There are 2 protein chains.
Amino acid sequence: MHSLNNLIIEFYDKLSSWEQSVVKDTGYSLAQVHTIEVLGSHGPMRMKELADRLGITTGTLTVQVEKLVQFGLIARTPHEVDRRSILVELTSEGTALHKHHNRMHLQLTQDITRHLDPESIKVLTQSFEKMNREF
Amino acid sequence: MHSLNNLIIEFYDKLSSWEQSVVKDTGYSLAQVHTIEVLGSHGPMRMKELADRLGITTGTLTVQVEKLVQFGLIARTPHEVDRRSILVELTSEGTALHKHHNRMHLQLTQDITRHLDPESIKVLTQSFEKMNREF
DNA sequence: ATTAATTTGTTTGATAATCAAGATATTTGG
DNA sequence: CCAAATATCTTGATTATCAAACAAATTAAT
């Protein structure tokens, strides 16, 4: 258990470094790409929910979103029922960036698992499912 | 492979959120705790190496280290052979913080793996070992 | 139905984190 | 010995962030 814990910490650390270098190549900041990633994988959402998912305040997000809109990566649309809210969603350009980032991730996953046999991959997948559920 | 990739991304995301909330409780910033974590798990090192591991410039690190020294968490000692360098290391207080953070991590690992049978944990551990090696 | 409390998003002012470029001291390789 | 490389620090500017105050809309209470 102790060693598994250390391996998880090491894994997280290496994934962070990888993410940082991959993001740097896009020309956008880590926070900006992270925003795109969340919108890409969860779909359009309101400011509050997005801020919560990113772990920042809505005040900070307002500024971030303004920049991303100017970059043409996301768009704001009024919320249909709640007129206090606005929905934030990816533009086609934002979607393209998200897909590109996703391909990088997939390539990484393929790279780091290339020495795992099919059975291990199966157990690994099931284990991640269970672990993600317990967070 | 596609689903495993998504699970890894989700895992990373949840671990980030967890880390953020745990760090907030310490009263120190994410960057500061991260610095303590690296020093705690790898031992004393020079500024350059620490900056590289943290993914920041030495200029940024100089400021960060100054703060952590004032907090009493780390100490600077001259490098024995290279007089250009200084070694950064944890104080006893810094070590205590690192141990505390490590216990949090261990508890989390126990929590999220509680529905995994011993055999899966074994495969999971081996898989992480192999994946970490391929980064 | 009217009022009070809550929620949502924005703005503002202050602080913290970061980088790039330049300066200094030291080491390394010829 | 000297030029090039390395390690750290400093400075000036930019970016990210928060907390608090605000306005608009929704929800809850009476």
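Source: prediction; values computed, not measured. Residue numbers begin at 1 in each chain, while the letters A, B, ... track the order of the sequences.
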Under a 4.0 Å heavy-atom cut-off, which of [range] touch DNA chain D?
| range | value |
| --- | --- |
| residues 33-44 of chain A | none |
| residues 47-66 of chain A | Gly55(A), Ile56(A), Thr57(A), Thr60(A), Gln64(A) |
| residues 79-86 of chain A | Val81(A), Asp82(A), Arg83(A), Arg84(A) |

Taking atom types as modelled, is there a side-chain donor on [X] or [Y] under 3.5 Å from an acceptor on the other?
| X | Y | value |
| --- | --- | --- |
| His42(B) | Glu37(B) | no |
| His101(A) | Glu19(A) | yes |
| Thr95(B) | Ser92(B) | no |

Nearest 0.5 Å, what's the CD-CD1 distance between Gln110(B) and Ile112(B)?
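If I round to the nearest 0.5 Å, the distance is 10.5 Å.
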Please work out if Lys24(B) contacts a base, only the sugar-phosphate, or nothing of the nucleic acid, heavy-atom cut-off 4.0 Å.
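Result for Lys24(B) = nothing.
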Rounding to 10 degrees, work out the angle separating the end axes of the helix from dA1(C)-dT30(D) to dG30(C)-dC1(D) (five pairs an end).
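About 40°, once rounded to a multiple of 10°.
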Do Ser127(A) side-chain atoms and Leu124(B) backbone N/O form a donor-acceptor pair below 3.5 Å?
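Not confirmed, Ser127(A) side chain does not pair with Leu124(B) backbone.
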Would you find a donor on one side and an acceptor on the other, under 3.5 Å apart, between the side chain of Thr57(B) and the backbone of Thr60(B)?
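A pair under 3.5 Å: yes.
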Identify whether [X] and [Y] are in the same connected component of the hydrophobic contact network (ILVMFWY, side-chain heavy atoms under 4.5 Å).
| X | Y | result |
| --- | --- | --- |
| Met131(B) | Leu4(B) | yes |
| Ile9(A) | Val22(B) | no |
| Tyr12(A) | Trp18(A) | yes |

Is His98(A) close to Asn102(A) at the side-chain level, that is, under 4.5 Å between some pair of heavy atoms?
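Yes, close enough: below the 4.5 Å cut-off.
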Other ILVMFWY residues reachable from Met45(A) by side-chain steps of under 4.5 Å:
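Noted: Met45(A) shares its cluster with Val23(A), Tyr28(A), Leu30(A), Val33(A), Ile36(A), Val38(A), Leu39(A), Met47(A), Leu50(A), Leu54(A), Ile56(A), Leu61(A), Val65(A), Leu68(A), Val69(A), Phe71(A), Leu73(A), Ile74(A), Ile86(A), Val88(A), Leu90(A), Leu97(A).
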Testing Asn6(A), Asp13(A), Leu7(A) for side chain to side chain contact (heavy atoms under 4.5 Å, CB included) with Asn132(B), which one passes?
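Among Asn6(A), Asp13(A), Leu7(A), the one meeting side chain to side chain contact (heavy atoms under 4.5 Å, CB included) with Asn132(B) is Leu7(A).
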Along DNA chain D, first and last positions that approach a heavy atom of chain A under 4.0 Å:
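For DNA chain D, the relevant span reads dA16(D) to dT26(D).
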Write down the atom of Gln64(A), the atom of Ala31(A), and the distance for their closest heavy-atom approach.
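Here Gln64(A) and Ala31(A) meet closest at NE2-CB, 3.7 Å.
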What is the ring orientation for Phe11(B) with Phe128(B), classed by angle as parallel under 30°, tilted 30 to 60°, or perpendicular over 60°?
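Because their plane-to-plane angle lies in the 30° to 60° range, the rings of Phe11(B) and Phe128(B) count as tilted.
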Give a yes or no on whether a salt bridge exists between Lys14(B) and Glu134(A), defined as a side-chain N under 4.0 angstrom from a carboxylate O.
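Salt bridge: no.
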